[in-house]
Amino acid sequence: MSLTALLVFVSVYAIAVATPGPGVAAVVARTLGRGMNGALPFVLGFVVGDLLWFVAAAAGLSVLAKTYAPLFVVLKVAGCAYLVWIAIQLWRSEPVLPEAGAAPSAESALAAFLGSLFLTLGNPKVMVFFLSIMPLVVKPEEISLVVGVELAVTIGLVISGIMLGYMLLANRARRMFRSKKAISVIQKANAGVLAGAAALIATR
């Protein structure tokens, strides 16, 4: 794959990932509520989800995706359910000051990974990019094993870098709040954002 073609793909993909949507909303809201707790498995779920969609697009599975539409409805519901679950946890959790030494209620690495994975697999924004937009930039029939590996590595680096960047910024913003009342307001506001994102996905 030529450097020019790769740079075009990186540019289009990076814009798609960085554009605010359900995934970014979940990352920011989760970080504001929990800090960097479980950040790596949460980001890994986004990476794996995007790679699965990439493989589907590269293999020309858009027709298959339409054929098995009920499966993607199930994935969408699972992603929405996870967003609602995080929203409830944020709403109900006791506000904790970042420097107080105590940490918000822990979430298992597997739960964090599966949550972001299901969210990605059921996210219409991701589906549209890989099944409709990506083929305009990189045609599936032109993807060899080498090109596929190049693109997969690129996808992993781009999405993990952007999501971790959002997390670091959100965590830094979280540390600016000095009262439990402010933290509580932020948690409840982000719970509302996540619930809204779940509703948005569910209606598409």
Side-chain contact test, heavy atoms from C-beta onward, threshold under 4.5 Å: evaluate it for [X] versus [Y] and give yes or no.
X    : Y    : answer
V12  : F129 : yes
T31  : L169 : no
W53  : M134 : no
M167 : V28  : no

Solution key, residues 149-159 side-chain donor-acceptor pairs under 3.5 Å, sequence neighbours excluded:
| residue | atom | partner | partner atom | Å |
| --- | --- | --- | --- | --- |
| T154 | OG1 | E150 | O | 2.8 |

Rounded distance [0.5 Å steps], [atom1] in [X] versus [atom2] in [Y]:
X    : Y    : atom1 : atom2 : answer
R172 : M36  : CZ    : CE    : 13.5 Å
F113 : F46  : CZ    : CZ    : 11.5 Å
L114 : L119 : CG    : CG    : 12.0 Å

Under 3.5 Å donor-acceptor, S116 side chain and F42 backbone: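 Confirmed, S116 side chain pairs with F42 backbone.
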Would you please test F54 and Y13 for side chain to side chain contact (heavy atoms under 4.5 Å, CB included) and show each step? CA-CA 11 Å; F54 165 67; Y13 178 62; over 6 Å; no
Other ILVMFWY residues reachable from I15 by side-chain steps of under 4.5 Å: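 Result for I15 is none, singleton.
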Nearest non-hydrogen partners of V27 and Y166, listed with the distance: CG1-CB, 4.0 Å
Looking only at non-hydrogen atoms, find the nearest pair between A112 and G38 and report the distance. CB-O, 4.1 Å
Could you go step by step and tell me if L52 and T120 meet the side chain to side chain contact (heavy atoms under 4.5 Å, CB included) rule? CA-CA 10 Å; L52 289 175; T120 302; over 6 Å; no
